[in-house]
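Here, residue 1 is the first one in the sequence, and each next residue gets the next number.
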Amino acid sequence: YGLMIVMLLATVSTVHADDPWQPLFPTKDLLNWELKGYKNPPPDQWYFDGDILKSKVGPGWLSSKAEYRNFKLKFEWKVPEGGNSGVFLR
């Protein structure tokens, strides 16, 4: 299982925005995200394959540097059989 999680077209909708849908990854990089739960992650632990965000198998996750309030989250994801992954909202 070379793939832990795949996220497609992840977006957030804020109630009062002029454009109701704001992409979480508008530039296809991870500048606004932090790797969590890793001791020494490889630089390509999370990467884009076209429009798809992918991760290599590993114990950690991505955490947004931004805080969001009053939003709707819309995304698609795929985890291999036996995988253990999800979305955390806090």
Side-chain angles (χ1 to χ4, degrees):
Y1 301 112
L3 179 64
M4 181 178 166
I5 183 173
V6 176
M7 294 182 70
L8 306 171
L9 306 172
T11 58
V12 171
S13 174
T14 55
V15 172
H16 300 292
D18 291 336
D19 180 0
W21 292 101
Q22 302 295 320
L24 293 174
F25 303 97
T27 58
K28 295 186 185 175
D29 60 41
L30 300 175
L31 295 176
N32 295 317
W33 296 83
E34 297 176 313
L35 294 172
K36 300 285 190 172
Y38 297 97
K39 290 186 181 179
N40 294 307
D44 63 344
Q45 179 67 40
W46 289 85
Y47 61 96
F48 282 91
D49 181 4
D51 289 336
I52 301 171
L53 176 62
K54 296 183 177 183
S55 174
K56 296 180 179 178
V57 173
W61 63 92
L62 282 177
S63 177
S64 171
K65 292 180 183 177
E67 292 186 18
Y68 299 93
R69 293 180 182 203
N70 200 16
F71 65 90
K72 293 179 183 180
L73 177 65
K74 177 181 175 182
F75 68 99
E76 297 176 35
W77 65 304
K78 181 178 179 180
V79 177
E81 186 174 329
N84 180 10
S85 189
V87 174
F88 303 97
L89 300 175
R90 184 173 132 164

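- Contact annotation: the side chain of K28 never approaches that of L53 to less than 4.5 Å [non-hydrogen atoms, C-beta and beyond].
- Remark: L62 CG to N32 CG distance equals 11.5 Å, nearest 0.5 Å.
- Remark: D49 engages K54 in a side-chain hydrogen bond (donor to acceptor under 3.5 Å, both in side chains) (not counting sequence neighbours).
- Between the side chain of Q45 and the main chain of K56, a donor-acceptor pair closer than 3.5 Å is present.
- Among residues two or more places apart in sequence or in another chain, the side chain to side chain contact (heavy atoms under 4.5 Å, CB included) test is passed with D29 by T27, L31.
- Taking the six-membered ring where tryptophan is involved, the planes of F25 and W33 are essentially parallel, since the angle between them stays under 30° and well short of 60°.
- Of all the heavy atoms in Y38 and S55, the pair that sits closest is OH-OG, 4.2 Å.
- When all heavy atoms are compared, the tightest approach of S63 to K36 is CB-CG, 3.6 Å.
- Aromatic ring pairs are classed by plane angle as parallel below 30°, tilted from 30° to 60° and perpendicular above 60°; the pair Y68 and F71 is perpendicular.
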